[in-house]
Amino acid sequence: MKGTNLGEFEELVLLTIAALMNEAYSVAICDELSEHTGRSVKLGVVHAVLNRLEEKGLVTSELGEATKARGGKRKRFYELTMQGKAALVNAKSMRDQLWARIPSLVWKNS
Amino acid sequence: MKEQHPPSWAQRFVAWYCKPSLVEDLMGDLHECFERNIQSVGPRRAKLIYIIDALKFFRSYTVRRSIFANLFMNPVMVGSYVKTSGRNILRNKLFSFINILGLAISMSVGLLLIAFLLDLHSYDRFNKNGERIYRITNILRSNGEENGRFASTSVKTGKLIREKVSGIEEVAIMRNNFSGDAKVGDNILPIKGFWAEPSLFKIFTFPMIAGNPETALKDPYSVVLTETAARKLFGHQAALGKTVRIDTLAYQVTGIMKDVPFFSHLRFEALVSLSTAEQVNKGDQLFGAWTNMWSGSVYILPSQHADIASIRRQLNAIAREENAGTTTASIQLELLPLYHIVVGESLHQSEGGPGNTGPHISPTLLWILAGLAIIVILSACFNYTNLSIARAMRRVKEIGLRKAIGAGNNQVRLQFLAEAVMISLIALLLSFLMFLLLRPILVNMAPEMQRMVKLNLTLSMVAAFIGFSVVVGIIAGFMPAVFFSKISPLNAFGNVSSIKIFKHLPIRRVLVVMQYTVTLIFITTTAVGYVQYKNILAFDLGFSTKNILNINMLDNKPDVMMKELSEIPGVTALSRSLITTGVGNAWGSSMKYKDSQDSVLVMTNHIDENYLALHHYQLIAGGNFIAHPATAQAVAEVIVNQQVLKRFNISTNNPEKAIGEQIMLNGHQMTIVGVMQDFHYGKVDNLIGPVAFTFWTPEDRTIISASIKSTDIHTTVARIAAAWKKIDPVHPFTAGFYDQAIADAYSEYSTMIKIIGFLSLLAISIASMGLFGMVVFTTETRLKEIGIRKVMGASIGHLIYLLSRGFLFLLSISAVIALPLTYLFFQNIVLPNFPYHTPVHVTELFAGLLAVLLIAVMMIGSQTWKAARSNPVVVLKGD
């Protein structure tokens with residue numbers, strides 16, 4: 001089924017959500033990503049990805065408390081689901097396996 | 001610091017399209033970014049970014065489903081809309097009649113305009129390479145002054161472009177105004193066309209029927225005829241290879257081409273090889289000169305994907321190089337795309353009148369016409385809006401019921417829009433009939449019009465008509481749709497009269513005021529314009545034009561004609577002149593006095609000894625010409641007007657003393673023998689300038705002026721025409737009365753007045769119909785009130801006053817807006833162009849107002865009278 005595999009950006013967003021713990025809402029995710037990847041990440045893109053991840057069931061979300069900032073609008077906080085965590089672990093182990101297959105000689109000459 | 005907010009409309013937009021589940025945090029995010037951006041890039045850019053982001057978030061996953069669903073009408077509902085709309089149209093006959101007729105009248109104007117625009121748009125589109133073709137525009141500056149932009153170009157420019165400019169596939173050099181009498185056997189046909197090169201056929205799509213387009217225009221003395229011209233000359237014989245005499249030269253027919261399409265800005269019956277012109281003008285130094293830009297044109301076809309900017313640079317380089325070689329004038333070269341020739345900037349078209357360089361109309365004029373048409377159409381749309389809302393009372397229950405059983409605001413809105421579109425489609429049928437009736441009137445209004453457009457129906461035209469009528473329907477139905485969709489079912493079933501919005505609806509009044517303001521402006525403009533136009537025609541030019549027939553002799557010598565004319569009874573006096581003055585023709589010369597350095601441009605005419613007397617010119621000093629020389633070289637006498645004396649300061653106070661003074665005219669020494677009172681040499685919109693008359697010699701072309709005193713002018717003119725036939729059997733008799741020539745000279749104004757007059761007729765009928773409808777509906781709703789008032793003892797006069805008071809108040813507001821506007825428009829915009837105008841009189845302004853008021857009062861009066869006379873017993877019986 002298409003969608004069970006994580007895209008690169010999806011993986012980054014998931015990781016960021018995990019890293020931010022309780023502060024994972026769209027703008028914060030966007031900032032964090034921009035900071036760590038060094039590319040300018042557009043809010044619209046993050047939004048779309050979050051929406052997609054939620055559809056896939058990898059994250060859940062709930063609205064937070066109303067604050068005065070943000071024009072009185074509440075934040076939507078995201079959290080990884082079990083499936084989300086599994087998908088991250090899955091992706092990491094797949095990479096590790098591939099890394100392990102690279103003979104260390106390959107790096108020497110380059 | 002003031003707190004900054006994101007643009008509220010962008011916020012509303014997001015709130016409108018976004019899914020309810022997403023809207024809160026999305027807007028919150030946008031807001032957070034916005035606040036951050038205020039700090040980093042300032043409020044202006046932050047707002048801009050907010051708007052852009054708001055638009056960017058319009059994505060499939062954020063947008064509510066129902067928005068997509070509502071953008072398209074539910075097909076099942078369309079049937080229902082059509083059915084209910086049809087019933088409504090039938091039920092309210094007066095309402096439907098007023099709306100359909102009003103919309104039809106106004107839309108007929110729209111249809112004419114659309115047809116006109118489409119025709120203009122189809123010019124030159126038959127050329128396969130049309131998109132790539134350019135004509136060279138010349139911008140002339142002489143003595144540091146800009147002399148204007150010309151459509152003409154010198155032959156030399158064309159050759160330079162061919163030699164030096166890269167990136168060009170073909171260059172076609174043309175010389176304008178080839179004309180002559182083509183003669184084959186006994187067949188004589190006056191023929192017009194161009195001198196052209198073979199490359200013309202490569203640039204333009206003019207298919208050849210016979211002959212080789214590559215070589216047909218190569219050799220000197222070859223001619224390519226159009227199919228029609230060939231048939232007229234040769235009948236059904238094959239023309240190819242035959243010889244035609246045009247004037248004095250013999251040409252060989254090397255090609256027959258299909259007739260030039262109507263929608264081509266180039267129009268001709270024959271093309272003569274450019275090499276002919278080169279042969280004929282061999283000795284003429286000027287022919288190949290850079291500055292001789294008066295009678296040629298150059299078209300270029302850049303190669304596919306050519307860099308136009310680079311071609312422009314190369315043209316500038318050529319101009320720079322060539323201008324360095326001349327001292328008097330400098331010429332800049334520009335490119336004008338083929339499709340911008342007919343509708344585009346106004347260029348001078350030197351030598352030759354209209355028809356040679358093709359039709360032209362300026363975009364400004366088109367915008368003005370479109371604006372006027374839109375005003376009239378909007379006026380009819382206002383009627384629809386007003387009347388729909390006026391009878392809202394009757395439909396409130398219907399809408400309430402619809403909503404109660406589940407119709408959304410959108411469905412009510414669509415229903416009203418559908419109704420309006422349906423009415424406008426019905427109106428389209430009617431307006432199409434009007435279009436068919438008006439079309440010939442419009443096309444035949446002026447000869448230029450006949451040459452310019454056909455207004456024939458095409459498929460795209462029909463499609464445009466239908467699209468146009470749908471748009472009109474939507475505009476008309478928009479306000480009622482919004483209005484009705486807001487009615488809540490709760491109010492609808494309660495006490496209807498308690499709904500306040502019906503009583504205080506300023507929009508209706510505003511619309512009526514706007515309608516009448518526009519109508520009044522149209523009508524008073526027509527009245528004032530007409531009076532001014534009549535004043536121009538009756539203007540005292542300073543000489544008499546009464547009963548003078550001007551006969552253009554073309555290339556014929558006048559002697560025989562003069563003799564024939566003098567034998568016709570009714571012709572009392574004859575004179576000869578070079579041109580007809582006072583109608584916009586001009587013949588300039590340069591004049592110098594004593595050792596003055598500057599030469600002054602004076603307007604001249606060559607006249608014979610009878611001219612002054614025949615036209616009643618006022619001589620204030622000196623007399624008529626003394627010598628009657630036979631060659632232009634021998635002319636040594638000049639009669640000048642007062643402006644000449646003033647300009648050169650020749651004894652201004654005592655004109656007698658100017659007699660005998662020597663001046664230089666075009667390098668010839670001349671003696672002033674007479675001084676005339678100032679008169680209008682040019683049109684009335686020009687200031688009077690210096691004018692000098694010299695003696696007419698047989699070397700000049702001739703206009704014979706014949707003063708006619710006869711009880712039966714018709715027969716006299718017929719006899720003159722018969723005399724012409726004897727002298728010149730080939731060319732038609734071209735003569736016209738002086739007064740008529742003056743009227744023709746101002747025909748653009750009369751055309752304008754006719755158009756505005758027509759539009760004001762439409763505007764007043766539409767506005768009157770609308771007012772009538774309004775009065776009918778409002779009096780109807782107040783019938784019971786009137787009944788009660790009557791029972792209580794109100795008089796009919798009082799009731800009429802009560803009912804019409806509101807409308808008359810609206811009309812007076814319109815008058816207060818419209819009359820000063822029209823007055824200021826004429827005083828400040830139109831009349832400053834006419835230095836000798838008469839002031840705008842209050843009578844003209846109020847005549848228009850009176851006419852409109854009279855009609856309006858009749859409309860209001862008849863209905864209120866009817867209502868006031870109604871029997872209260874009948875009216876109140878039901879309750």
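In what follows, chains are A, B, ... by sequence order, proteins preceding strands, each numbered from 1. Remember, predicted model here, so these are calculated numbers, not experimental data.
Atom CG of A:N22 is surrounded by 12 or fewer heavy atoms from other residues, nucleotides or ligands within 6.0 Å. With a 6.0 Å radius and a threshold of 12 heavy atoms from other residues, nucleotides or ligands, B:H121 has its NE2 atom at or below the threshold. Counting heavy-atom neighbours within 6.0 Å of B:F478 CZ, excluding the residue itself, gives a total of 12 or less.
Note that the NZ atom of A:K73 and the CG atom of B:L26 stand 11.0 Å from one another [nearest 0.5 Å].
Among the candidates A:L43, A:N51, A:L63, the residue making the largest number of heavy-atom pairs closer than 4.5 Å to chain B is A:N51. Listed options B:L22, B:V23, B:D25 were ranked by heavy-atom pairs under 4.5 angstrom with chain A; first place goes to B:D25. Between chain A and the residues B:R36, B:K56, B:M27, the largest count of heavy-atom pairs under 4.5 Å involves B:R36.
For a residue to count as touching a neighbouring chain, one of its non-hydrogen atoms must lie under 4.5 Å from one of that chain's; by this rule B:D53 does not touch chain A.
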